[in-house]
Amino acid sequence: MSPEAIRIPSAGAVFWAEANPDPTAANAVRAIAGRPPQLNVTLTGTLPPGISAVADGRGILLVASPLWYDHTPTETELAAALPALPAVTLAGSVQSLDGRFNPRLFSVSPSPAAPTYIPLRPSLQAVRVTEAGAVVLNVKWQSGPVASWSLLRLSCVRNGVTLGFSGQADIHGDVIIPLTGLPPLPPSLTVDNMTLTALGDPTQSGQAAGNPDTIHAVQVSTGGAFAAQQSFNVKRGQVSNAAALGIPGVTLQAT
C-alpha cells in the first residue's frame, strides 16, 4: 500500500483573551488565567466556500479545504506556496456559560500570517476585589436608560506615574472597578484623587450583549455639568459606592 498524506491549511486563528483592566498599559489584552472558559460561540453570516470554523474555549480556528497527497510529500512540496485563501470576516457573539465573562458581539478579519485576539471582560461575579479595594457604581444615560456595557476608567498619579483601572458595566448598568495594583498610600496622602472617564454607546442599552469595539468616549457627570472627565477622592482599601464617594451617581451623555 502506497503512503498517503493530508495537509489542512490554516486560514487564520482567533484567540480569546482578557481585556487588560489597566487602560494605560502597553498591551490591550492579556492571557486568561486558569482553565479555559466555557463559552458558547454563535457565528453569523457565511464563510467563504472551502473555509470552516472550529470554536472552543481557547478560540476559533479557521481551516481551508485539505490538500491530498497520494504519497509522502517532499520538503519541496511542503515548502511550496499554498493556494491563495479568500479574505474572511468572522462575526458573531460569545457567551460565557460559566459566568466568568460578560457576553459580547465581535467582528474580526483574521489572517494566516498572525493570530487575532478578541478581548473579554470579567462579569460582576468574576471580578476579584483585592485588599486595594474597588469602586462600585451604577451608570445611566442622560436620556434615562441604563448604560449597559459601558466602560468606566479611573486613573490617578503617584510619584509621577499614572495608574489606571477599568470595569465594564453589565446589562443593568452596574459596574465594579477593582483597584488591583494600587500601591499603599504614602504618609503624605489619605486619599487618591481619581479621574473618571467613560466609553459607551446608547444604542446598546438593554441589549443582551454589547460590542466593545463600537463604544466611544462620552461625556460624564457625577452630579454637576457634563465634561470629558470628572474627579473624586477614593480611599484605598475600601469598597466605595456613590454615597461613600460623595456623588449622586454617574450619568453619561452621548457626544
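Reckoned from all heavy atoms, side chains included, excluding hydrogens, waters and symmetry mates.
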*Asks:* Where the side chain of Thr222 meets the backbone of Val250, is there a donor-acceptor pair that is under 3.5 Å apart?
*Replies:* no
*Asks:* Which value, rounded to the nearest 0.5 Å, describes the distance between Thr116 atom OG1 and Leu90 atom CG?
*Replies:*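 If I round to the nearest 0.5 Å, the distance is 9.0 Å.
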*Asks:* State the OG-CG distance between Ser240 and Leu245, to the nearest 0.5 angstrom.
*Replies:*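 So the OG of Ser240 and the CG of Leu245 are separated by 5.0 Å.
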*Asks:* Just checking Arg158: does its CZ atom have more than 12 heavy atoms from other residues, nucleotides or ligands closer to it than 6.0 angstrom?
*Replies:* yes
*Asks:* Hey, is the main chain of Ile32 close enough, under 3.5 Å, to the side chain of Trp16 for a donor-acceptor pair?
*Replies:* no
*Asks:* Could you measure the distance from the CG atom of Leu120 to the CD atom of Gln95? Nearest 0.5 Å is fine.
*Replies:* 12.0 Å
*Asks:* If you look at every heavy atom in Ser93 and Leu105, which pair is closest and at what distance?
*Replies:*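 For Ser93 and Leu105, the tightest heavy-atom pair comes out as CB-CD2, 3.6 Å.
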*Asks:* Find the distance between CG (Leu252) and OG (Ser150) and round it off to the nearest 0.5 Å.
*Replies:*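 Reported value, rounded in 0.5 Å steps: 5.5 Å.
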*Asks:* Taking Arg121 first and then Glu18, would you say they form a salt bridge - that is, a charged N and a carboxylate O separated by under 4.0 Å?
*Replies:* no
*Asks:* I'd like to know if the side chain of Thr214 pairs up with that of Gln204 as donor and acceptor (distance under 3.5 Å, no hydrogens or angles considered).
*Replies:*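 Yes, side-chain donor-acceptor contact under 3.5 Å.
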*Asks:* Tell me whether Thr89 contacts the main-chain N or O of Val108 through its side chain, where contact means a donor paired with an acceptor under 3.5 Å.
*Replies:* no
*Asks:* Would you say that Val129 contacts Val239 through its side chain, given a criterion of any heavy-atom pair below 4.5 Å between the two side chains?
*Replies:* yes
*Asks:* Looking at Val136, is its backbone amide N or carbonyl O close enough to the side chain of Asn241 to form a donor-acceptor pair, meaning the two atoms are under 3.5 Å apart?
*Replies:*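 Side chain of Asn241 to backbone of Val136: no pair is present.
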*Asks:* Using links of under 4.5 Å between side-chain heavy atoms of ILVMFWY residues, direct or through other members, which residues join Val29 in one cluster?
*Replies:*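 Noted: Val29 shares its cluster with Phe15, Tyr117.
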*Asks:* Could you give the distance from CD (Gln230) to OG1 (Thr251), rounded to the nearest 0.5 Å?
*Replies:* 10.0 Å
*Asks:* Please examine the side chains of Pro21 and Arg30, heavy atoms only from C-beta on, and report whether any two atoms are closer than 4.5 Å.
*Replies:* yes
*Asks:* Heavy-atom distance under 4.5 Å between the side chains of Pro122 and Arg128, does that happen here?
*Replies:*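 Counting from C-beta outward, Pro122 and Arg128 never come under 4.5 Å.
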*Asks:* Measure the shortest side-chain to side-chain distance between Val146 and Trp141 over non-hydrogen atoms and say whether it is less than 4.5 angstrom.
*Replies:*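 Counting from C-beta outward, Val146 and Trp141 never come under 4.5 Å.
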*Asks:* In terms of side-chain heavy atoms, does Asn27 have a donor or acceptor partner in Asn20 at a distance below 3.5 Å?
*Replies:*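 Short answer, no.
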*Asks:* Looking at Asp192 and Lys235, does any basic side-chain N land under 4.0 Å from a carboxylate oxygen?
*Replies:* no
*Asks:* Roughly how far, to the nearest 0.5 Å, is the CG atom of Leu154 from the CG atom of Leu137?
*Replies:*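 Answer for the CG-CG pair, Leu137 versus Leu154, is 7.5 Å.
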*Asks:* Between Pro103 and Asn40, is any pair of side-chain heavy atoms under 4.5 Å apart?
*Replies:*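 No, too far: nothing below the 4.5 Å cut-off.
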